[in-house]
Amino acid sequence: FNQPSDKNSDALLVKATREAKSLFYPVGFEFASPEISGAKGDNDPHIEGLSPFGFGKFIGDSKGILSVKRAIVPVKDIYQAAKGLGHISSARDDDGVIRRVPLIVEMDGRIFPSFALSAVMDYLNVPKDGVVIRNGKDITLKGGQLPGENRKRNITIPIDDKGMMLINYAGSWAKTFRHYPFKKIYESTDRKDSLPDLKNSIVVVSNTASGYDLKPVPIDKSYPGGGIHASIINTILTGNFLTEAGMLLKILVIVLFGLVGVSGTLFIRWQIKVVFLLSSISGYILINYYAFKNFGLILDVIPPSMAGIFSSIVASFYQVQTQRSSLTFLTGEKQKIEKELEVVNKMLAEKEDEIKGILSMISGRDRQISDFKLKERLLVKIDEKEGLEREKISILSKLSPFEFEHILEEAQKFQIISKNRTLMEVFDLSKKVAETDHTVLIMGETGTGKELFAKAIHKMSKRCTGPLVTLNVAAIVNTLAESE
């Protein structure tokens, strides 16, 4: 690559390159840290010779753009005969996969294009001064014109603050682009009619031999390096650009999934919570796929999903702790109320004994009851007893939610929502009746919930797998009802 061969071979290659007038050669770069962007390379003599192939000086903020530290270039006579150069250095993500490429880099304060960008500029007849760079936003190729077309167009390529473009891989290497083995081309040189028609095409010449220059990409663990550059060219020419979601949108999605995870705690059964959360994640993945296929928008999947799962776990844990605290408090309240009830019952028993004593005293006297004081004492005791009974009823009403708490939750499953003690006793009786084969008659005024109780009894019975047939007898003619 960067070492001379014998003089005759190199001379032939230089001559062929000069005569072709359309060859672009690759350059390999080692980049410095972005923190020292703009600094010169380590006095690499090769960098100075590459200056004519750059765009000129950076205008505006170039912070974040990768800076060239050292270069590996072809033999000088060869690349000077070429129409252009471009770097082929890749940018790997933290997992080692190549998803993006630096379309522009900084070389000794000048702009230097990637190999694919140089090829596309030449293919579209875009001069160097027709390239407009807005760092962190986009690169615009002004007045681009495809071979054979009269219409000119501008191509805007989205880039990040490091000058990188996301690569939209068209597919697996074997199923995309046209492939011609060098052997076939070589054997066809004497038979021009058998040569493939490569007119108005960009041809990438690279080594795709197994085990050589193979790199991991999102769609393949071993993808030829030449295929990566072909995919970059294809992405620019087709305009099928990919865009990562902005930080604000990422945060919004994570917060939204956090709320989804919390809202799952509204369901009582944990199975429903799990199904709800998994359904939400699956729906989000489908939305993500749709956005990617139709708009080229890349949304994070793992962080929002983890946010939903984590928030669901935290909210469920908080809910359990709250319920435990509430249960502890309610248990204490129940015990307190039961003690009050015990005191009232004891006082009622005492009043009963007092009243019985007074009545026995009265029965031993004349029926005219001349002792008005004794009669007045009896009336006072009866009033006190009635007051205690009212207090007992009040305490029992407070105790009802505790006694029927499990029945309340079960009744709500059948849309029977009430805290009325009598109604809960009826529902408890309905549960017992549902286990039998007895005929049930439910009576009550219109709107009191007779139909709800009928449906509840049916669902709790052994006949729940069969239909519940409702019949409005009042709406049927008497003779017809009798015949049926």
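Computed from a prediction, not measured in an experiment: that's the story for all the values here.
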If a pair satisfies salt bridge (charged side-chain N to carboxylate O under 4.0 Å, His left out) and one of its residues is in residues 223-251, list it, with sequence neighbours excluded. Arg100-Glu244, Lys250-Asp300

With heavy-atom distances below 4.5 Å as the criterion, would you say the side chains of Val433 and Lys431 are in contact? no

Residues Lys215 and Asp220 bridged, charged N to O under 4.0 Å: no

Donor-acceptor pair, side chain of Asp160 and main chain of Gly136, under 3.5 angstrom: no

Measure across Ser231 and Ile167 and return the closest heavy-atom pair with its distance rounded to 0.1 Å. CB-CG2, 3.9 Å

Pairwise side-chain contact, Leu256 with Pro304, heavy-atom cut-off 4.5 Å (strictly under): no

Could you walk me through whether Thr235 and Phe241 pass side-chain contact (heavy atoms from CB on, under 4.5 Å), step by step? CA-CA 6 Å; Thr235 300; Phe241 300 111; 3.9 Å; yes

Closest heavy-atom contact between Ile233 and Ile202? CG2-CD1, 3.7 Å

Go through it in stages, so that I can follow the logic: the residues are Phe257 and Met306, the test is side-chain contact (heavy atoms from CB on, under 4.5 Å), and I'd like the CA-CA distance, side-chain angles, deciding distance and then a yes or no. CA-CA 9 Å; Phe257 256 84; Met306 295 302 296; over 6 Å; no

Might you confirm whether atom CD of Glu451 has over 12 heavy atoms from other residues, nucleotides or ligands at distances under 6.0 Å? no

Side-chain donor-acceptor pairs under 3.5 Å in residues 139-158, sequence neighbours left out?
| residue | atom | partner | partner atom | Å |
| --- | --- | --- | --- | --- |
| Gln145 | NE2 | Glu149 | O | 2.5 |
| Asn154 | OD1 | Gly143 | N | 2.8 |

Could you give the distance from OG (Ser280) to CD1 (Ile309), rounded to the nearest 0.5 Å? 11.0 Å

More than 12 heavy atoms of other residues, nucleotides or ligands under 6.0 Å from CZ of Phe310: yes or no? no

Between Tyr223 and Thr176, the two heavy atoms sitting closest are OH-OG1, 4.2 Å

Given 3.5 Å as the limit, does a donor-acceptor pair link the side chain of Ser312 with the main chain of Gly308, or not? no

Verdict with supporting geometry, Ile232 and Leu103, side-chain contact (heavy atoms from CB on, under 4.5 Å): CA-CA 9 Å; Ile232 299 168; Leu103 289 182; 4.2 Å; yes

Has Lys336 got more than 12 heavy atoms of other residues, nucleotides or ligands less than 6.0 Å from its NZ? no

Measure the acute angle between the ring planes of Phe29 and Phe112, then classify it against the limits of 30° and 60° as parallel, tilted or perpendicular. perpendicular

Give a yes or no answer on whether the side chain of Asp93 reaches the backbone of Gly96 with a donor-acceptor pair at less than 3.5 Å. no

Pair Glu435 + Lys462, salt bridge at N-O below 4.0 Å: no

State which residue, out of Val253, Leu248, Leu249, Val255, fulfils the side chain to side chain contact (heavy atoms under 4.5 Å, CB included) condition with Ile251. Val255

With the side chain counted from C-beta on, respond yes when Met121 and Val131 share a heavy-atom pair under 4.5 Å apart, and no when they do not. yes

Atom of His458, atom of Pro467 and distance for their closest heavy-atom approach: CE1-O, 3.7 Å

Of the non-hydrogen atoms in Ile219 and Gly171, which two are nearest, and what is the gap between them? CD1-O, 2.9 Å

Measuring from atom CZ of Arg463 to atom CG of Leu468, what distance do you get when rounded to the nearest 0.5 angstrom? 10.0 Å

Look at the side chain of Ser263 and the backbone N and O of Val260, then say whether any donor-acceptor pair between them is shorter than 3.5 Å. yes

State whether the number of non-hydrogen atoms from other residues, nucleotides or ligands found under 6.0 Å of His179 atom NE2 is greater than 12. yes

Verify the ring-centre separation between Phe453 and Phe414: is it less than 6.0 angstrom? no

Side chain proximity check, Leu297 to Phe292, heavy atoms < 4.5 angstrom: no

Strictly distance-based, threshold 3.5 Å: is any side-chain N or O of Asn294 a donor or acceptor partner for the main-chain N or O of Tyr290? yes

Approximate separation, where rounding is to 0.5 Å, of Phe295 CZ and Thr243 OG1: 12.0 Å

Leu286 atom CG, neighbour heavy-atom count above 12 within 6.0 Å: yes

Does the side chain of Asp95 come within less than 4.5 Å of Arg99's, by heavy atoms? yes

Quick one: does Tyr180's side chain get under 4.5 Å of Val203's, heavy atoms only? no

Using a 4.5 Å cut-off on heavy atoms from C-beta on, say whether the side chain of Val101 contacts that of Met164. no

Does a sphere of radius 6.0 Å around CD in Glu30 hold more than 12 heavy atoms from other residues, nucleotides or ligands, not counting ones at 6.0 Å or beyond? yes

First locate atom NZ of Lys162, then atom CG of Leu66, and finally report the distance between them rounded to the nearest 0.5 Å. 7.0 Å

Evaluate Phe31 against Glu106 for side-chain contact (heavy atoms from CB on, under 4.5 Å), listing each step before the verdict. CA-CA 9 Å; Phe31 296 117; Glu106 186 178 17; over 6 Å; no

How close do Lys273 and Ser316 get, counting heavy atoms only, and between which atoms? NZ-OG, 4.1 Å

Do the non-hydrogen side-chain atoms of His229 and Pro26 ever get within less than 4.5 Å of each other? no

What's the spacing between Ile457 CD1 and Leu452 CG if we round to 0.5 Å? 11.0 Å

Output for pair (Ser172 OG, Phe177 CZ), nearest 0.5 Å, gives 10.5 Å

